[in-house]
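What follows is a set of notes on a single structure, which appears directly below.
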Amino acid sequence: MIFARRPGRLTGRRLALGALLIVAAGPLAACGGLLSGTRPAQRGPVDGRLRPVREDLSNAVSSFATTEYHRIAPIAAGPDPKAAFARLRGVVAAMPGAAVVDERPGYLYAEYTTRWLRFVDDVEFLLDEPAAVIHVRSASRLGRRDFGVNRERIEAIRARMAG
């Protein structure tokens with residue numbers, strides 16, 4: 001008995017070809033910069049706060065956010081907030097994939113680029129001297145989810161600042 005293939009049905013060969021195309025397209029897109037997105041035109045503090053994250057997406061954290069997923073505690077700056085902020089720059093610059101892009105008194109903006117697919121995340125820090133904390137905002141440029149990467153990054157920075 002001969003089985004006729006239904007049009008549009010995925011066979012083992014078609015699935016394998018599709019998987020191969022997906023695996024090959026990722027690095028090609030990364031080489032072309034298609035996964036890096038564009039640097040946000042609006043960044044930096046506004047009225048003493050970092051800009052809000054999009055709360056309809058699960059790809060960012062901020063110490064100013066109000067939703068559970070997006071909210072993260074600011075980084076403690078200790079008894080000498082200015083010295084802690086100066087140290088923060090070194091911590092950020094030493095991390096893999098980090099590039100400090102903008103630096104002003106009490107404000108730091110860096111981009112983090114992933115190694116393989118070259119995704120870029122935008123990370124901002126704002127010193128609140130009277131409260132002795134450093135506010136944070138870390139957001140993926142592309143995608144609806146970050147799978148916790150932005151939170152993990154900020155927690156790694158917090159741990160390095162505490163150590």
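Note that the coordinates shown come from a computational prediction; the quantities given were computed from them, not determined experimentally. Below, all heavy atoms of this structure are taken into account, side chains as well, without hydrogens, waters or symmetry copies.
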Shared hydrophobic cluster for [X] and [Y] (ILVMFWY, side-chain gaps under 4.5 Å):
X	Y	value
Leu50	Ile72	no
Val61	Ile157	yes
Tyr69	Leu57	no
Val91	Phe125	yes
Met95	Leu117	no

Val149, Val92, Val120 screened by side-chain contact (heavy atoms from CB on, under 4.5 Å) with Tyr112, the one that passes: Val92
Among Leu88, Val101, Ile134, side-chain contact (heavy atoms from CB on, under 4.5 Å) partner for Leu108: Leu88
Smallest separation among heavy atoms of [X] and [Y], with atom names:
X	Y	value
Arg118	Thr114	N-OG1, 3.2 Å
Asn150	Ala139	OD1-N, 3.6 Å
Gly78	Ala132	O-CB, 3.7 Å
Val53	Ser62	CG1-CB, 3.8 Å

Quick one: does [X]'s side chain have a donor or acceptor within less than 3.5 Å of a partner on [Y]'s backbone?
X	Y	result
Arg137	Pro52	yes
Arg43	Asp122	no
Tyr107	Gly44	yes
Arg151	Ser138	no

[atom1] of [X] to [atom2] of [Y]: how many Å apart, nearest 0.5 Å?
X	Y	atom1	atom2	result
Arg160	Ile75	CZ	CD1	11.5 Å
Arg158	Arg153	CZ	CZ	14.0 Å
Phe85	Leu126	CZ	CG	7.0 Å
Thr38	Leu142	OG1	CG	8.0 Å

Distance-only donor-acceptor check, side chains Asn59 and Ser140, under 3.5 Å: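 No, no side-chain donor-acceptor contact under 3.5 Å.
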Exceeds 12 heavy-atom contacts within 6.0 angstrom, atom CZ of Arg145: no
Test side-chain hydrogen bond (donor to acceptor under 3.5 Å, both in side chains) applied to Arg51 - qualifying residues, sequence neighbours left out: none
Residue pairs fulfilling salt bridge (charged side-chain N to carboxylate O under 4.0 Å, His left out) with at least one residue in residues 79-94, sequence neighbours excluded: Arg89-Glu103
Short N-O contact, Arg49 and Asp47, less than 4.0 angstrom: no
Set of ring-ring contact (aromatic ring centres under 6.0 Å, His included) partners for Phe64, sequence neighbours left out: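 Once residues adjacent in sequence are excluded, the partners of Phe64 under the ring-ring contact (aromatic ring centres under 6.0 Å, His included) criterion are His135.
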